[in-house]
Structure formats: C-alpha cells, structure tokens
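So the structure is just underneath, and the comments pick up after that.
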Amino acid sequence: MTADHQTLALVLFSAFVAVTLGITTWVGRNRHGSAEEFYAGGRLFSPMENGFAIAGDYMSAASFLGVSGLIALFGYDGLLYSVGFLVAWLVVLYLVAELVRNCGRFTLADVVASRMSERPVRIAAGTSSVTVSVLYLVAQMVGAGTLVALLLGGESEAAQAWTVVGVGALMVVYVSLGGMRATTWIQIVKAVLLMGGTIALTVLVLLRFHGNFDQLLRTAAERSGHGGAFLAPGLKYGGDWIARCDFISLGLALVLGTAGLPHILSRFYTVPTARAARRSVVWSIGLIGGFYLMTIVLGFGAAAIVGPDAVRASNAAGNTAVPLLALDLGGGTDSTGGTVLFAIVAAIAFATILAVVAGITLASSASVAHDLYASLRRRRAKPYSEVAVARAAAVGIGVAAIGLGLLAKDLNVAFLVGLAFAVAASANLPVLLYSLFWRGFTTRGAVWSVYGGLVPSVLLVLLSPVVSGSPDSLFPGVDFQYFPLQNPGLVSIPLGFLAGWLGTVTSAEPPDKAKHAETEVRSLTGAGAV
C-alpha cells in the first residue's frame with residue numbers, strides 16, 4: 001500500500017470526522033436536554049430524512065464490505081445474504097413499524113410494558129436490548145480496528161488498537177453530546193456517501209463489461225475456479241445436513257432479527273406519527289434494496305476483475321474485495337485514479353462504521369437509562385436525570401466496547417453479527433409480537449419469552465464450533481463443542497416463542513384484556529400515541 005493511499009485516506013477520514021463533529025457540536029448547542037430530545041430527536045424528522053437515517057443505520061460495514069466479499073468468494077451462496085437482509089424489511093414494514101411507533105415512546109420495553117407489570121418486563125427487555133447492542137457493537141469495533149488499520153497501512157497491533165480506541169472515543173462524543181439528533185444527521189450523511197460511492201463503483205463495473213451483466217457473470221464463474229457451480233447453490237452451504245441447517249438457521253436469524261434490533265426500533269420514534277414511520281420504512285426499503293442489488297454487481301465484479309484468489313490472499317474472509325475492486329477500476333496500484341478511488345472507498349467504510357456504532361450506542365444507552373435505571377429505582381426517574389444516566393451509560397458502553405474490541409482484535413468475530421441477529425430474533429421478536437397480537441399474553445409470558453430466547457441463544461453459541469472444537473474457532477486449542485450449528489437461530493427462535501406461550505398458560509395472573517384492547521386501538525389507529 002503506497003504512501004499516497006495512506007495520505008489521501010487520512011485526509012478523507014479527517015474531513016468526514018471534522019464534518020460530523022461539527023454537526024454534533026452545532027446540534028449540542030441547540031438542544032434543551034429533555035428525554036424526548038435526547039432519545040428521539042424531538043420527533044421532528046420527516047419520513048424521507050428518517051428513511052435515509054434508517055438506511056444509514058442498517059447498511060453497516062459488514063454489508064458494504066462483507067456481503068460483496070462473500071459473493072466474490074462463494075458466488076450464489078454469498079448472494080443469499082443480500083436476499084436475507086432485504087427480505088427482513090418486509091417483516092418490519094408489515095408487522096412492526098407503525099404498531100411500535102403508536103405503542104411506545106423510546107424503547108422496545110415501552111411497547112411490552114404498556115399492558116404488563118412494568119418492572120420485571122422492563123428489566124428483561126432492557127437486558128436483552130443491551131446484550132444485542134453490545135454484541136453488534138463489539139463486532140463493528142473489531143471490524144473497524146482490523147479494516148481501517150489495514151486500509152491505512154498499519155498492520156501492527158498498535159495501529160489496530162489505536163483505531164479501536166479512536167472509533168470508540170468518537171462514538172461516545174457523538175452520542176453523549178448530540179443525542180439522537182446528531183446521530184441521525186451523521187447517519188443521513190453516511191447513507192448519502194455510501195449510496196454515492198456504491199453507485200459509482202457499480203457503474204464502473206458495468207462499463208468495464210459494456211453493460212453486459214451476463215458477460216460479467218460468465219467471467220466471474222471462469223475466474224472463480226468453480227465454473228458453473230459458482231453461479232449455483234451449494235458452494236458454501238451445500239455440504240452435509242449440518243451445513244444446510246446452518247444456512248436455514250442463519251436465514252431465519254437475518255430475516256426475523258431485524259425487527260428486534262433495538263437501534264432499528266428506536267428510529268421509529270423520531271418521526272411525529274405512525275404514518276410517517278411507515279413511510280420512513282418505505283424510503284429505507286427503496287434505499288436498502290437498491291444498495292443490496294448493487295452489492296451483487298460489486299461482488300461478482302470483484303470475482304471477475306480482481307479474482308477470488310487475489311481477494312482471499314488479501315483477506316481470508318473477503319472483506320477487502322471492494323477496496324481491491326476500486327483500486328483496479330481506478331487504474332491500478334500505481335495510478336492516481338486507483339489511489340483516489342481506493343481512498344474514497346476507505347473513507348466511506350470508515351464513515352459507515354462511525355455512523356452504525358453511534359446508532360447502536362445510543363440505543364443501548366437508552367435501554368440502560370429508560371428501562372433498567374428507571375425500573376430499578378423506587379420511583380420513576382425524572383427526565384433530566386434519565387438523560388444524564390443515558391449520557392453516562394454511553395461513556396460506559398463505549399469504554400466496554402473499546403475494551404472488548406481490544407481483547408478480541410485478533411479473533412474471528414464474524415459470528416457476532418449473526419449472533420446479534422439471532423438473539424434479537426429469539427428474545428425481542430417473540431415478546432414484541434405476542435404483546436401486539438395475543439390478547440391473553442401475561443407478564444410471566446413476557447419475561448419467560450425474553451429469557452427463554454436470550455439464554456439459549458447465548459449458551460448454544462458458547463457450545464458451538466464457533467467458539468471451540470475446530471481450527472477456525474475462537475479457541476481452537478480446546479473443545480467443548482456440543483452444538484453442531486454455528487448460528488443458534490433454528491433452535492433458539494422457536495424456544496423464545498415456546499417459552500412465551502408456556503409462561504402465559506401456566507401463569508396465575510389473569511390477562512388484562514382491557515389494557516390489550518387499549519393497546520390494540522392505539523397500535524392500529526394512533527389514538528393516544530405519544
């Protein structure tokens with residue numbers, strides 16, 4: 001990697017950081033410190049603005065770099081990741097967005113607690129939300145440390161460590177000073193940058209093949225070394241029944257987990273009405289759909305132009321496929337065009353990481369302050385004290401994420417993203433759907449549903465080949481593998497629904513049908529919504 005790459009990438013990184021810090025400072029001077037302002041940005045964002053922010057929150061570095069890399073290495077099987085991430089938004093649109101906006105104020109626990117005993121439900125839902133957020137956050141932090149240090153030319157442990165610390169410090173500043181308003185504008189800026197960069201690369205790839213997508217696919221298949229098998233199912237997940245079950249498990253986690261991600265749910269509270277929340281999702285589906293269609297072109301383009309062998313030689317997981325593709329499309333390693341395009345992609349990747357970690361940190365600090373802190377006190381916390389706790393929680397979560405990111409910086413942590421989706425689908429989605437649609441649901445059912453999905457999903461991963469028992473495990477030298485699948489969703493998601501049903505039917509507490517009727521009317525009509 002040349003000095004020109006590093007210098008230009010640093011300039012672009014610095015420019016983005018300066019712009020986002022400027023936004024944060026400006027927003028911080030104009031806030032009035034209320035809980036609604038800190039958690040929901042005053043509910044003043046338009047559907048288009050919120051749609052861009054949701055897209056910015058969802059399209060992480062794993063999507064921009066990881067999905068394209070998987071397609072470059074595994075062809076059709078990598079393409080299925082794009083399908084899973086996109087289909088998930090139909091679940092969000094039809095089952096969650098409008099109803100959640102009408103029933104809650106700031107967090108997932110607001111929806112469930114509206115018809116249950118607040119204290120146990122908020123503690124359970126808050127614990128689950130923080131767990132999901134931290135898992136997602138550590139994955140982003142470790143990815144930031146490895147990827148950005150590599151793009152800047154610093155492959156030493158010190159360079160990776162300082163990158164993790166820098167990203168963590170920036171996210172704490174964004175959240176603690178600017179709250180939801182600053183985080184939203186950072187996500188909007190990031191979404192525009194990411195879409196612009198992805199469109200430019202896609203156009204360049206298609207121009208290289210004169211607009212002939214069929215030729216692009218045939219060239220990718222030829223260079224892959226697998227021939228026609230590269231364009232057919234089974235290259236990654238077509239082995240024995242365990243591999244196929246693993247794919248089903250991962251697909252379930254991706255499709256169902258999005259509707260339970262705390263940082264996605266919190267975005268529905270930043271618009272004034274439920275109709276605006278629904279329109280926000282329509283905007284985000286358009287942006288996210290277009291983005292994932294373009295990652296297909298970039299993935300097959302990297303396979304055809306760079307070649308899977310070169311991608312794998314640079315990074316075994318394929319995370320550098322898009323930067324290598326940009327370098328080639330711009331004219332090669334020693335060309336000015338290649339240097340500029342490579343540095344732009346590196347800056348976009350960095351912007352992506354910063355925006356996503358800011359959104360996750362805000363959601364998790366809101367769960368700590370609004371759910372856990374407010375529930376564990378004898379009296380409900382006042383709004384200003386709750387915001388102060390949220391700011392302190394953002395610092396604590398940032399420090400924890402930096403520490404965990406530093407400890408895990410040399411480990412394969414790709415499973416953390418899938419685990420976060422699996423935990424969200426196992427613990428958050430069942431209790432959310434039961435609360436919205438089951439008239440007989442009770443407090444015990446809600447608590448059992450959360451813990452019945454949360455505990456098994458975490459335990460099954462600890463006992464899976466991801467952690468031990470294989471050369472690619474986190475701890476390859478030991479073996480306490482008893483669960484064959486890498487993703488627990490196939491088992492833990494049904495357990496979450498089963499635990500909620502079992503807790504309800506064995507509960508001595510009669511369901512409060514009047515509160516359910518009130519929740520149903522509010523969720524469907526918006527009457528009485530905040």
Side-chain angles (χ1 to χ4, degrees), residues 34-59 85-115 179-188 191-192 195 255-291 359 362-363 366 370 424 428-429 431-439 515-530:
S34 69
E36 187 173 44
E37 174 70 27
F38 186 80
Y39 295 142
R43 308 188 199 280
L44 299 175
F45 291 99
S46 69
M48 184 182 75
E49 291 169 344
N50 197 45
F52 269 85
I54 290 173
D57 222 352
Y58 190 70
M59 298 184 299
F85 280 128
L86 180 56
V87 170
W89 280 97
L90 298 179
V91 178
V92 176
L93 176 63
Y94 289 113
L95 290 181
V96 172
E98 185 174 359
L99 305 182
V100 165
R101 173 60 187 83
N102 282 335
C103 288
R105 290 187 68 215
F106 305 124
T107 64
L108 164 71
D110 287 336
V111 180
V112 184
S114 63
R115 51 176 292 217
M180 178 60 83
R181 195 182 293 262
T183 300
T184 298
W185 282 110
I186 291 167
Q187 288 161 346
I188 292 171
V192 172
M195 290 299 292
V255 170
L256 299 178
T258 300
L261 291 176
H263 64 290
I264 297 297
L265 293 175
S266 66
R267 292 238 52 91
F268 300 137
Y269 301 123
T270 63
V271 289
T273 65
R275 182 170 181 267
R278 189 174 64 250
R279 290 175 61 201
S280 296
V281 176
V282 173
W283 271 99
S284 65
I285 287 176
L287 292 167
I288 292 167
F291 170 76
L362 182 60
H370 186 63
N428 291 349
L429 185 64
V431 72
L432 183 61
L433 295 183
Y434 278 149
S435 298
L436 292 172
F437 300 111
W438 187 7
R439 184 183 301 273
K515 280 190 176 179
H516 174 267
E518 179 186 339
T519 301
E520 187 175 37
V521 170
R522 188 168 64 187
S523 67
L524 295 175
T525 67
V530 178

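Note that this is a predicted model, so its numbers are computed, not measured. Excluded from the calculations below are hydrogen atoms, water molecules and symmetry mates; all remaining heavy atoms, backbone and side chain alike, are included. For this chain, numbers begin at 1 and follow the sequence in order.
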Query raised in the report: Quick one: salt bridge (charged side-chain N to carboxylate O under 4.0 Å, His left out) partners of Arg278, sequence neighbours excluded?
Result: Glu98

Requested in this report: Not counting sequence neighbours, which residues clear side chain to side chain donor-acceptor pair (under 3.5 Å) with Ser284? List them please.
Outcome: none

Requested in this report: State the CD1-CG distance between Ile188 and Asp57, to the nearest 0.5 angstrom.
Outcome: 11.0 Å

Query raised in the report: Which residues satisfy the side-chain contact (heavy atoms from CB on, under 4.5 Å) test with Leu99, sequence neighbours excluded?
Result: Leu436, Phe437, Ser523, Leu524

Query raised in the report: Does the side chain of Leu432 reach to within under 4.5 Å of the side chain of Val100, using non-hydrogen atoms?
Result: yes

Report task. Indicate the atoms forming the closest heavy-atom contact of Leu287 with Gly51, along with that distance. Result -> CD1-O, 4.0 Å

Query raised in the report: Could you give the distance from CG (Asn428) to CG (Leu261), rounded to the nearest 0.5 Å?
Result: 8.0 Å

Report task. Over all heavy atoms of both residues, which pair between Gly289 and Leu86 is shortest? Give the atoms and the distance, please. Result -> CA-CD1, 3.5 Å

Requested in this report: Name all residues meeting the side-chain contact (heavy atoms from CB on, under 4.5 Å) criterion together with Val87; count only those two or more places apart in sequence or in a different chain, and write none if there are none.
Outcome: Val83, Val255

**Report entry** Those residues that, when tested against Asn50, pass side chain to side chain donor-acceptor pair (under 3.5 Å) (two or more places apart)
**Finding:** Arg267, Thr270, Ser280

Query - Close side-chain approach of Leu362 to Met180, heavy-atom, < 4.5 Å - result: yes

Query - Straight-line distance of Leu265 CG to Leu108 CG, nearest 0.5 Å - result: 6.0 Å

**Report entry** Minimum-distance pair of heavy atoms, taken over all atoms of Gly257 and Ala424
**Finding:** O-CB, 3.5 Å

Query raised in the report: Between Ala259 and Leu429, what is the shortest heavy-atom contact and its length?
Result: CB-CD1, 3.7 Å

Query - Any residue meeting side chain to side chain donor-acceptor pair (under 3.5 Å) with Tyr269, in chain and number order, not counting sequence neighbours - result: none

Query raised in the report: What residues form a ring-ring contact (aromatic ring centres under 6.0 Å, His included) with Phe291, not counting sequence neighbours?
Result: none

Report task. Could you please spell out the steps behind the side-chain contact (heavy atoms from CB on, under 4.5 Å) verdict for Trp185 and Glu49? Result -> CA-CA 8 Å; Trp185 282 110; Glu49 291 169 344; 3.7 Å; yes

Report task. State which residues pass side-chain contact (heavy atoms from CB on, under 4.5 Å) with Ala363; sequence neighbours excluded, sorted by chain then number. Result -> Pro262, His263, Ser266

Report task. Start with the C-alpha gap between Tyr58 and Thr258, add the side-chain angles, then the distance that decides, and say whether side-chain contact (heavy atoms from CB on, under 4.5 Å) holds. Result -> CA-CA 9 Å; Tyr58 190 70; Thr258 300; 3.1 Å; yes

Query raised in the report: Would you call Phe268 and Val92 a side-chain contact if the rule is heavy atoms closer than 4.5 Å?
Result: yes

**Report entry** Heavy-atom closest pair, residues Val271 and Ala276
**Finding:** CB-CB, 3.8 Å

**Report entry** Arg279 to Pro47 - nearest heavy-atom pair and separation
**Finding:** CB-CB, 3.8 Å

Report task. Name all residues meeting the side-chain contact (heavy atoms from CB on, under 4.5 Å) criterion together with Ala191; count only those two or more places apart in sequence or in a different chain, and write none if there are none. Result -> Phe52

